[in-house]
Amino acid sequence: MKKEKMIAFSFSLFLGIITWFTLATSVRKGLPLLDASIFEYFGYAMSHGQRMYLDLFDHKGPVIFLINYLGYSIGASLGIKILYIASLIVFFYIGYYISRLFTGIRNSFVVLIITFIILESFFEGGWGLEGYILPCLAYSLYIFIKYFLTDKVKGYEIVLTGFSFAVVLFTKANMIGMWLVFSLLISIKLIYQREVISLLKHIGLFIIGSIVFILPLCCYLLFQGSLEEMFYQSIVMNFIYSKESSELSVREILKWYMDQANYLQINFIIVIAIITGWKRYGMKTLIYTITFLFCLILALISKRTYLHYLLVLIPLFIPYISVTINKLINKDASKYFLLLLVGLLGIYWGSLSDIKNKVDNRYNDLSLNEKEVANYISAHTDKQDKIYTHRLNGIIYLYSDRLSSTKFFFVPSLKDETPIIDDFKTSIEKVPPKYIVFDSKWDYGRLTDSFIKEYIIKNYQLEKQIDTMKIYKDIRSNT
């Protein structure tokens, strides 16, 4: 058993190391205008005394703030990268044991390889919030499946499942579908079996696990005065964001998902697993598939075609992959193992080529213009001066080592900005930035765009232009 754990960990570490080399060398160079630079700015700003939600507006849950704050405190951008890779290593390790519930040791390593390929296809450069909470999703799934297969669960496992639920809930609430379905099923099962005492014990342990995370978090937020803002921004604003009409219809977003899944053979694997699993697991196969579909609906609820939204489904793919691989490589078919590996190489050749390209291009710097802008601002401001960059995420703040003058250091992706426009105006006018960077490329003609352009005309003068980015200086500034 110890030997198997060591081998499983070593292989998970190996996959984590490969993932490291598929990431860009840094968020700033490789992902300058994606969410990753926003998250890194969370860590940078909080390490300089700014408070989540009060000084940093975002509709994400508090967990992503705290993770990036922790990572930045450990080792700036490198610390964040280490935390991300560590999360994936833990996920692979737990994923191995999910697979072991359905197949043997050798086959489970094949399952992990396929899981790694799917992860690389979905994570859009990495550093996204979904990657950090994959261990919580995988661990809870492992406990739920083990319970339904063996009817056994330990007290500490329920506590950790409750803790994992709380972490995911306070990261992004639409990722909790698995807990909702399985908790309901377990409750129905125990009530039907008249095991009310066991049900109450399970509920109590689950709540204890959740409280272990939620209580210190809420105390921390209450202490810094941002508890109310956390609920408003992460729940109310997130609901507004999710409910905004998308350009895609339900049919179109489902087609988009099917295209991604078909490219990676996921739908084929699921069909084979359902057919095979039905013979062995019966109704449990149908229940699991309903759970998967519910989680899929929640992942796609905003109808936005972001591949990283699909990362939360990867733990749920593992049982399907495991059952399918177990069917293809059983004890009597061991001699065909090498042939299967060659077949998988052919099936995933395109995906493996994409992974190789990521490794080859990891040193590419996609932020040359942003870096030039940041260098100019850094040279013409003091450390205590505040700036504002419109719709450029966190990249210029990070390069220039300057804080934003407003909590809206980036503008949330809302088509109708009515809910935030008054607060946005007040925030800008209360602390006028010494410099404003406006990129016409990201002018959507929305409320915040119109206000910033008018504000610039009244109070700022153009000092320098780099590509489509214009650097404006406050004419009321003495220096």
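None of the values given here were measured: they were computed from a predicted structure. Heavy atoms only: backbone and side chains are in, while hydrogens, waters and symmetry mates are out.
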task = Please examine the side chains of Pro315 and Tyr142, heavy atoms only from C-beta on, and report whether any two atoms are closer than 4.5 Å.
result = no

ask   = Crowded around Tyr97 OH? As in, over 12 foreign heavy atoms under 6.0 Å?
value = yes

message = Run Ile290 and Val181 through side chain to side chain contact (heavy atoms under 4.5 Å, CB included) and show every step you take.
response = CA-CA 9 Å; Ile290 291 172; Val181 176; 5.6 Å; no

task = Please check if the side chain of Tyr41 supplies one atom and the backbone of Ser404 the other of a donor-acceptor pair under 3.5 Å.
result = yes

Test of ring centre spacing under 6.0 Å for Tyr96 and Phe109 = yes

remark   = So the salt bridge (charged side-chain N to carboxylate O under 4.0 Å, His left out) pairs with at least one residue in residues 46-56 (sequence neighbours excluded) are Arg51-Asp55

ask   = Cut-off 3.5 Å, side chains only: do Ser351 and Glu120 have a donor facing an acceptor?
value = no

message = Any carboxylate oxygen within less than 4.0 angstrom of a Lys/Arg side-chain nitrogen, looking at Glu195 and Lys189?
response = no

ask   = So, does Asn174 use its side chain to make a donor-acceptor pair with the main chain of Ala299 at under 3.5 Å?
value = no

inquiry  = Under the salt bridge (charged side-chain N to carboxylate O under 4.0 Å, His left out) definition, can you give me all pairs with a residue in residues 259-269, not counting sequence neighbours?
reply    = Lys255-Asp259

key: Side chain to side chain, Phe148 and Leu185, heavy atoms closer than 4.5 Å   = yes

request  = Not counting sequence neighbours, which residues clear ring pair (Phe, Tyr, Trp, His ring centres under 6.0 Å) with Tyr53? List them please.
outcome  = Phe65

message = Donor-acceptor check, side chain of Tyr397 to backbone of Thr389, threshold 3.5 angstrom: yes or no?
response = yes

key: Phe206: which of Trp179, Phe165, Tyr156 passes ring pair (Phe, Tyr, Trp, His ring centres under 6.0 Å)   = Phe165

ask   = In this structure, are over 12 heavy atoms from other groups packed under 6.0 Å from Glu228 atom CD?
value = no

ask   = With the threshold set at 4.0 Å, does a side-chain nitrogen-carboxylate oxygen contact exist between Glu252 and Lys303?
value = no

key: Note, Ile105 side chain near Glu4 side chain (heavy atom, < 4.5 Å)   = yes

query = So, the side chain of Thr285 versus the backbone of Tyr281: is there a donor-acceptor pair under 3.5 Å, distance only?
reply = no

key: Asn361 side-chain N/O to Asn357 backbone N/O, donor-acceptor pair under 3.5 Å   = yes

task = Please examine the side chains of Phe123 and Leu307, heavy atoms only from C-beta on, and report whether any two atoms are closer than 4.5 Å.
result = no

ask   = Can you find a heavy atom in the side chain of Leu134 that is under 4.5 Å from one in the side chain of Leu137?
value = yes

request  = For Tyr232, look at atom OH and say whether over 12 heavy atoms of other residues, nucleotides or ligands are found less than 6.0 Å away.
outcome  = yes

key: Aromatic ring pairing Phe170/Phe231, orientation class (parallel under 30°, perpendicular over 60°, tilted between)   = perpendicular

ask   = Between Ile89, Leu83, Ile82, which is the residue that forms a side-chain contact (heavy atoms from CB on, under 4.5 Å) with Ile85?
value = Ile89

query = Below 4.5 Å, heavy atoms only, C-beta onward: do Glu417 and Phe424 meet side chain to side chain?
reply = no

task = Please name the pair of heavy atoms, one in Asp416 and one in Pro419, separated by the smallest distance, quoted to 0.1 Å.
result = O-CD, 3.4 Å

request  = Establish, yes or no, whether the cationic atom of Lys172 lies under 6.0 Å from the six-membered ring centre of Tyr309 and within 45° of the ring axis.
outcome  = yes

ask   = Is the Phe42 ring parallel, tilted or perpendicular to the Phe409 ring (thresholds 30°, 60°)?
value = perpendicular

ask   = Which word best sums up how the rings of Phe144 and Phe182 line up, parallel for under 30°, tilted for 30 to 60°, or perpendicular for over 60°?
value = parallel

query = Considering residues, nucleotides and ligands other than Tyr220, do more than 12 of their heavy atoms fall under 6.0 Å from its OH?
reply = yes

message = Test your reading of the model: is there a side-chain donor-acceptor pair from Ser47 to the backbone of Tyr44, 3.5 Å cut-off?
response = yes

ask   = Looking at Asp449 and Arg391, does any basic side-chain N land under 4.0 Å from a carboxylate oxygen?
value = yes

message = For a 4.5 angstrom cut-off between non-hydrogen side-chain atoms, does Met52 reach Met230?
response = no

ask   = From Leu13 CG over to Leu88 CG, what is the distance, rounded to the nearest 0.5 angstrom?
value = 12.0 Å

ask   = Do other residues, nucleotides or ligands put more than 12 heavy atoms under 6.0 Å from Lys358 NZ?
value = yes

query = Donor-acceptor pair, Ser210 side chain versus Gly162 backbone, under 3.5 Å?
reply = yes

note = The side-chain contact (heavy atoms from CB on, under 4.5 Å) partners of Ser427 (sequence neighbours excluded) come to Thr406, Lys407, Phe408

task = Write out all pairs satisfying side chain to side chain donor-acceptor pair (under 3.5 Å) with one or both partners inside residues 287-299, taking only residues at least two apart or from two chains.
result = Thr289-Tyr320

message = Whether the side chain of Ser99 engages the backbone of Gly95 through a donor-acceptor N/O pair (distance < 3.5 Å, no angle test) should be reported.
response = no

query = Restricting to pairs with a member in residues 122-136, which pass side chain to side chain donor-acceptor pair (under 3.5 Å), not counting sequence neighbours?
reply = Glu130-His308

ask   = Are any side-chain N or O atoms of Lys327 and backbone N or O atoms of Thr276, one a donor and one an acceptor, separated by less than 3.5 Å?
value = no

Pairwise side-chain contact, His390 with Thr448, heavy-atom cut-off 4.5 Å (strictly under) = yes

message = Using the rule given for side chain to side chain contact (heavy atoms under 4.5 Å, CB included), can you reason through Ile240 versus Leu414, listing the C-alpha separation, both sets of side-chain angles and the distance that settles it, and then say yes or no?
response = CA-CA 8 Å; Ile240 293 172; Leu414 296 173; 4.2 Å; yes

ask   = Any donor-acceptor pair under 3.5 Å linking the side chain of Ser37 with the backbone of Pro32?
value = yes

message = Distance check, rounded to the nearest 0.5 Å: Ile38 atom CD1 versus Ile64 atom CD1?
response = 11.0 Å

query = Going through the distances and angles, do Cys295 and Leu316 end up as a side chain to side chain contact (heavy atoms under 4.5 Å, CB included)?
reply = CA-CA 9 Å; Cys295 292; Leu316 293 160; 3.7 Å; yes

